[in-house]
Amino acid sequence: MFTPETSKHFKKYVDESGVVSYILKTRVATVQQGPYFTNPGMTPDGRFMWFGCTTLPSILKYRAVIDFESDEIIVHHGTVGSTNPWVLENGDMCFANGRGIYKVSPKDTANYTELFDSSLINRRVQDRFDKNPKGDIPNTGVNTGHLSICNADGKTALIDPGYVAFPGTRIGSVDISTGKYSEWTKVEGWICNHAAINPENPDLGLVAEDFFVDPRDGMFHSIRTLPDGSVCRIVLVTRDGGYEVVPPMFKGLTTHEWWSADGKAVYSVDMTNGLCRYDLEAKTWELRVPGKAWHGHSSADEKYYVSDIDLVDENYRGCESRVRFYNYETKKDVYIITKNPAWNDREHQNPFHMDPHPHFTCGGKYVCHTTTVDGHIDVALTPVDQLIEMTK
């Protein structure tokens, strides 16, 4: 079987730090990106790797997959409009679009298995900003922008909120084996998103309260705060209707949450202070990785971490950035990419959500990230063994 190191589709890139990465050089789209950092796109055995594609002038994503056994790329145009997908261990991909949740096999571009059907699923822009601003038409749809499936049962997916009457949120789960939707809770007056099911507990989920623009008056609404000033970003939800706001380690801006692999901790990024770990049982925080950060991810054993860092005073889509590896055991780090050149300026932000989004994939063998070092928006893979060796 081929690997990124031996595949004809990748080229070797050596950063000024000495770190070696492999960039996808075969171009099947104008923009080729790694998946969002919470959902690794490569199977644990290293055979399949899914990545995002955009072909201008469209801004809608579709998906392609590399089969490292045959060293071929299969483009799935039928996935156009898909949101952050979930890749199963056998290489099948579950994704949502404007019609429902579907599953597709890597080498079959013609057949899609419907897992859940909803005419309003994932109409995020319309539901969030335009639909039913006066509340005169009931909105009963549900969304799924960030699909995740519980490892413990292999079938429970937490659905991103659907908006009951703007601004409002409903949170629930789908049994992808039956297509049954179960509502967990509803809230009114604010917006949540980034839903993620606990890896080992199908009755526990993580959502993020978020800002929103009210289409009725054009007013911007920040995330709520507690009386002590702590931002209400991190929320634990349960199947029985529970809704618990977890005050962040630092009161100010916190963002980009994810579960530890064992489901015992929640991680969150404080963009000034670093990656923070919240122990669910002890209800205590630890600053796990100090230093400025944008997104982050932890290895399954929580010994190693990756993060991206914006190299501007205020981040924006397409700004200069870098990608960092941190060894928690030795407290040493190395830059995977010292500098991703800016793709555009602040006044001309792009719609591709092209942040590096580094994350561990292929059972922890590689770090996947999006890079601009080669003059395109490209997906890259970096072997982890060298990073551990360089930070001993």
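Just so it is clear, the model here is predicted, and its values are computed rather than measured.
Ring pair Y102/Y112 is perpendicular by interplanar angle, where above 60° counts as perpendicular and below 30° as parallel. Ring geometry for H353 against Y36 counts as tilted: the plane angle lies between 30° and 60°, on a 0 to 90° scale. Between Y328 and Y305, the ring planes lie perpendicular to each other; the angle is over 60°, past the 30° to 60° tilted range. A tilted orientation is assigned to the rings of H77 and Y62, their planes being inclined by 30° to 60°. Under the 30°/60° scheme for interplanar angles, the aromatic rings of H76 and W50 are found to be tilted. Between H357 and H295, the angle of the ring planes goes over 60°, which puts this pair in the perpendicular group of the 30/60° scheme.
Contact check for I73 versus V65: no side-chain heavy atoms found under the 4.5 Å cut-off. Residues S173 and I159 have side chains not in contact (no heavy-atom distance under 4.5 Å, counting atoms from C-beta outward). Using a 4.5 Å cut-off on side-chain heavy atoms (C-beta onward), T370 and D378 make no contact. Under the 4.5 Å side-chain criterion, counting only non-hydrogen atoms from C-beta, V207 is not in contact with N193.
If you check the side chains of H146 and N84, you find no donor sitting under 3.5 Å from an acceptor. Remark: the D270 side chain and the N273 side chain contain an N/O donor-acceptor pair separated by less than 3.5 Å. In the model, Y316 has no side-chain atom that pairs as donor or acceptor with a side-chain atom of E347 under 3.5 Å. Of the N and O atoms on the side chains of D310 and S321, not one donor lies less than 3.5 Å from an acceptor on the other residue. When only modelled atom types and interatomic distance are considered, T38 and W259 share no side-chain donor-acceptor pair under 3.5 Å. With 3.5 Å as the limit, one finds a donor-acceptor pair spanning the side chains of T254 and S268.
By the criterion of side-chain heavy atoms lying less than 4.5 angstrom apart, applied directly or through intervening Ile, Leu, Val, Met, Phe, Trp or Tyr residues, I234 is not grouped with V289; the two fall into different hydrophobic clusters. Both I23 and V306 sit in one connected hydrophobic cluster of ILVMFWY residues. Membership requires side-chain heavy atoms under 4.5 Å apart, directly or through other members.
Note that the CD atom of E257 and the SG atom of C276 stand 10.5 Å from one another [nearest 0.5 Å]. Once rounded to the nearest 0.5 Å, the distance linking CG of D374 with OG of S21 reads 11.5 Å. With values rounded to the nearest 0.5 angstrom, K155 atom NZ is found 12.0 Å from I149 atom CD1. Atoms OG1 and CD1, on T372 and I337 in that order, are 8.5 Å from each other to the nearest 0.5 Å. Note: D333 CG to S307 OG = 8.5 Å, rounded to the nearest 0.5 Å. Between the NE2 atom of H256 and the CE atom of M271 there is a distance of 7.0 Å, given to the nearest 0.5 Å.
With respect to R277 and E302, a salt bridge is recorded, a charged nitrogen being found less than 4.0 Å from a carboxylate O. Between K264 and E281 there is no salt bridge, since none of the side-chain N atoms of the basic residue sits less than 4.0 Å from a carboxylate O of the acidic one. With salt bridges taken as basic N to acidic carboxylate O contacts below 4.0 Å, one links R317 and D355. The residues E72 and K107 are annotated as salt-bridged, a charged nitrogen and a carboxylate oxygen being separated by less than 4.0 angstrom. Here R47 pairs with E69 in a salt bridge; the nearest charged N to carboxylate O distance falls below 4.0 Å.
What you find for V20 and V14 is that their closest heavy atoms are CG2-CG2, 4.1 Å.
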**Q.** Stepwise side chain to side chain contact (heavy atoms under 4.5 Å, CB included) check, N340 with V373
**A.** CA-CA 6 Å; N340 276 308; V373 295; 3.7 Å; yes

Q | Evaluation steps, ring pair (Phe, Tyr, Trp, His ring centres under 6.0 Å), between F2 and H9 | A | CA-CA 10 Å; F2 293 90; H9 299 296; 8.8 Å; no

Q.
Applying side chain to side chain contact (heavy atoms under 4.5 Å, CB included) to V231 and E209, what does each step give before you reach the verdict?
A. CA-CA 9 Å; V231 66; E209 288 198 18; over 6 Å; no

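Checked against a 6.0 Å centroid threshold, the rings of F360 and Y366 do not count as neighbours. Taking the ring centroids of F48 and F68, they lie at or beyond the 6.0 Å cut-off.
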